[in-house]
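Nothing here was measured: the structure is a model prediction, and the numbers come from that model. Every number for a ligand or one of its atoms is a count from 1 in the order of the listing.
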Amino acid sequence: MKKVVTMQDISCVGKCSITAAFPVISAMGIETALIPTAVLSTHTMFQGFTFHDLTSEIAPIMNHWEKEGFQFEGIYTGYLGSFEQIALAEDLFRRFGSHAFTLVDPAMADNGKLYVGFDDAFVKRMAQLCGKADYICPNMTEAAFMLGKEYPADGYDEAYVRQTLKELTALGVKTAILTGISPEPGKTGACAYDSVHDTWHSFYTEEQPEHFHGTGDLWAGTLCGGLALGKSLDEAIRIACLFTAESIRLTIAEENHNTYGVNFEQAIPYLISLL
Ligand code: PXL
């Protein structure tokens, strides 16, 4: 059985981070080990969320795993809350990454804005972590912040996407993937540049009329699962885009639907049909 480890927070309500990645990767038939970085009552888009830091648990968890000789096909980091947690993610790569692909989702911003609690210094440090990964999957906001570029609020085309991907791989990462992008009106999807093989990979679905939190985490978890199953990059991107789009479609179809996360749960049979 394939095994991956994911390091991110537990937002108890919010359908993001571990509560999205864990069920999805497990449903893909992959054993999913967890390094929880913090417990929050909700994700940080809610007012008044509680926060309990778990940083001090992380090194002891890794020490125990090393004694047990655990190995993984993939290591996937999502939302990280501090410089110390980024250093621990690097440690995770060093200690468990020799036979594993590494995927960093630099979850820290969207729609031209950083999430609550992050600043430019954190963005720079996250860009260093990205430089050490095999794959990264920022959205356009995260990419712009990491590259010190203006967020293209008025839109962008395929040439801009390709230029940005090349600049991202200059951070040191082998394959950069931009997610949630719309270089053409009416389409949303992802585009990747594999700098080792000098190849481009993209997939788009119809753009949906609403946007939701947590879709980036869902997308990244699905990509991680696809890669762990040995799918090609093209196939892993296609599955992640289709599953995310279907989860959004199901959410919108529900009357009085959530806005804080998407209905990925009822799209899981569809995800399995794509494998
Ligand atoms: O979905 C990204 C994410 C993950 N974890 C926490 C968040 C967010 C986005 O706001 O607040 C705690």
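Remark: ligand 1 atoms within the under-4.0 Å shell around heavy atoms of S17 are 4 (C), 5 (N). Each of the following atoms of ligand 1 lies closer than 4.0 Å to a heavy atom of D9: 4 (C), 5 (N), 6 (C), 12 (C). Atom numbering of ligand 1 starts at 1 in the shown order; those under 4.0 Å from a heavy atom of L40 are 12 (C).
Using a 4.0 Å cutoff on heavy atoms, M45 counts as a contact of ligand 1. Using a 4.0 angstrom heavy-atom cutoff, G216 does not count as in contact with ligand 1.
Remark: minimum distance from atom 9 (C) of ligand 1 to any protein heavy atom is reached at Y115 CE1, 3.5 Å. Looking at atom 11 (O) of ligand 1, its nearest protein heavy atom turns out to be T44 OG1, 2.6 Å.
Residue D217 has at least one N or O atom closer than 3.5 Å to an N or O atom of ligand 1.
Residues N263 and S247 bring no donor and acceptor atom of their side chains to less than 3.5 Å of each other.
Note on ring orientation: taking the six-membered ring where Trp is involved, the planes of H213 and H43 are perpendicular (angle over 60°, cut-offs 30° and 60°).
Across all non-hydrogen atoms, the minimal contact from F93 to K132 is CD1-O, 4.3 Å.
When heavy-atom distances to ligand 1 are checked against a 4.0 Å cut-off, V116 has no atom that comes that close, whether in backbone or side chain.
Between E90 and R94, none of the side-chain N atoms (NZ, or NE/NH1/NH2) sits under 4.0 Å from a carboxylate O, so this pair counts as no salt bridge. Remark: R249 does not engage E210 in a salt bridge, criterion side-chain N to carboxylate O under 4.0 Å. Comment: K187 engages E206 in a salt bridge, judged by a side-chain N to carboxylate O separation of less than 4.0 angstrom.
Nearest-residue assignment for atom 6 (C) of ligand 1 (options F49, Y260, F46, Y79; heavy-atom criterion): Y79.
For the pair K149 and Y160, the cation-pi test (distance below 6.0 Å, angle within 45°) is passed.
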